[in-house]
Amino acid sequence: MKTSSRSKGTVRKETKEALKPVDDRKLGKRKAAVKADKKPAKKGKAAKKDPNKPKRPPSAFFVFLEEFRKTFKKENPDVKGVSAVGKAGGEKWKSMSAAEKAPYEAKAAKKKAEYGSLMDTYNKKQLC
DNA sequence: TGAATGATTGTTCTT
DNA sequence: AAGAACAATCATTCA
């Protein structure tokens with residue numbers, strides 16, 4: 001459903017240039033396919049480049065995943081690995097309708113608002 | 001023993 | 001406009 005969730009207005013029309021740059025991500029291996037190859041998602045600190053850089057708020061998908069993980073693990077206590085929940089969650093996420101994602105998006109929207117505030121502070125620091 | 005990885009999508013920043 | 005990077009989780013795995 002591309003129903004376009006871009007109701008934000010960021011891109012009003014942009015003609016047909018961004019009609020669909022690429023949607024065949026194949027979802028096979030996001031590692032090198034989606035991005036070159038950089039995932040310092042270590043446990044310590046992934047990006048400690050900027051001390052004031054606020055962490056990005058969890059997206060609607062993450063919010064849903066957070067709750068989904070509990071349910072999934074609860075019904076599948078034998079599940080091993082985060083990829084299992086990730087795949088299951090991603091599959092279900094796509095199966096969900098906009099109405100179902102609404103509450104999750106609402107939360108994500110709120111996070112974005114708070115993140116915006118932090119960004120303002122971060123911007124001031126960067127501004128020298 | 002300890003640190004790193006893998007997998008999901010989304011959002012946001014940076015160029 | 002387009003690309004690149006990172007957000008959480010947790011069992012498994014390499015040295």
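Numbered from 1 within each chain, the chains take letters A, B, ... in sequence-line order.
Comparing atom distances between the A:Y115 side chain and each of C:dC10, C:dA11, B:dT12 picks out B:dT12 as nearest. Considering only side-chain atoms of A:K80, the nucleotide from C:dT12, B:dT9, B:dA7 that sits closest is C:dT12.
Here the C1' atom of nucleotide B:dT14 and the CZ atom of A:R56 are 12 Å apart, to the nearest Å. We find that CZ of A:F68 is positioned 13 Å from C1' of B:dA7, with the value rounded to whole Å. A:E105 has its CD atom 9 Å from the P atom of B:dG10, to the nearest Å. Look at NZ on A:K87: it is 15 Å from C1' on C:dT9, rounded to the nearest Å. In this entry the distance linking CZ of A:F62 with P of C:dA5 reads 17 Å, nearest Å. Distance, A:E66 CD to C:dA7 P: 15 Å, rounded to whole Å. As a whole-Å value, the separation of A:R69 CZ from C:dT9 P is 5 Å. As a whole-Å value, the separation of A:D78 CG from C:dA11 C1' is 13 Å.
Take the nearest nucleotide of DNA chain C for A:K73 and for A:K55: the residue whose nucleotide is more 5' is A:K55. Heavy-atom distances to DNA chain B give each of A:P57 and A:L65 a nearest nucleotide, and the one nearer the 5′ end belongs to A:L65. Between A:G116 and A:S83, the one whose closest nucleotide on DNA chain B sits nearer the 5' end is A:S83.
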- Message: Apply side chain to side chain contact (heavy atoms under 4.5 Å, CB included) to residues A:K101 and A:F64 and explain how you reach the verdict.
- Response: CA-CA 8 Å; A:K101 304 191 315 185; A:F64 155 75; over 6 Å; no

- Message: Determine whether A:L118 and A:E114 satisfy the following criterion, side chain to side chain contact (heavy atoms under 4.5 Å, CB included), listing intermediate values before the conclusion.
- Response: CA-CA 7 Å; A:L118 296 169; A:E114 291 190 22; 5.6 Å; no

- Task: Step by step, work out the side chain to side chain contact (heavy atoms under 4.5 Å, CB included) result for A:Y104 and A:W93.
- Result: CA-CA 11 Å; A:Y104 300 104; A:W93 179 256; 4.2 Å; yes

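One finds the CE atom of A:M96 at 10.5 Å from the CZ atom of A:F61 (value rounded to the nearest 0.5 Å).
A:K111 comes within contact range of no nucleotide atom at all, as no heavy-atom separation falls under 4.0 Å. Using a 4.0 Å heavy-atom cutoff across all strands shown, A:F64 reaches no nucleic acid atom at all.
Within the structure, a side-chain polar atom (N or O) of A:K94 is placed less than 4.0 Å from OP1 or OP2 of B:dT9.
The closest side-chain heavy-atom distance from A:P54 to A:M119 is below 4.5 Å.
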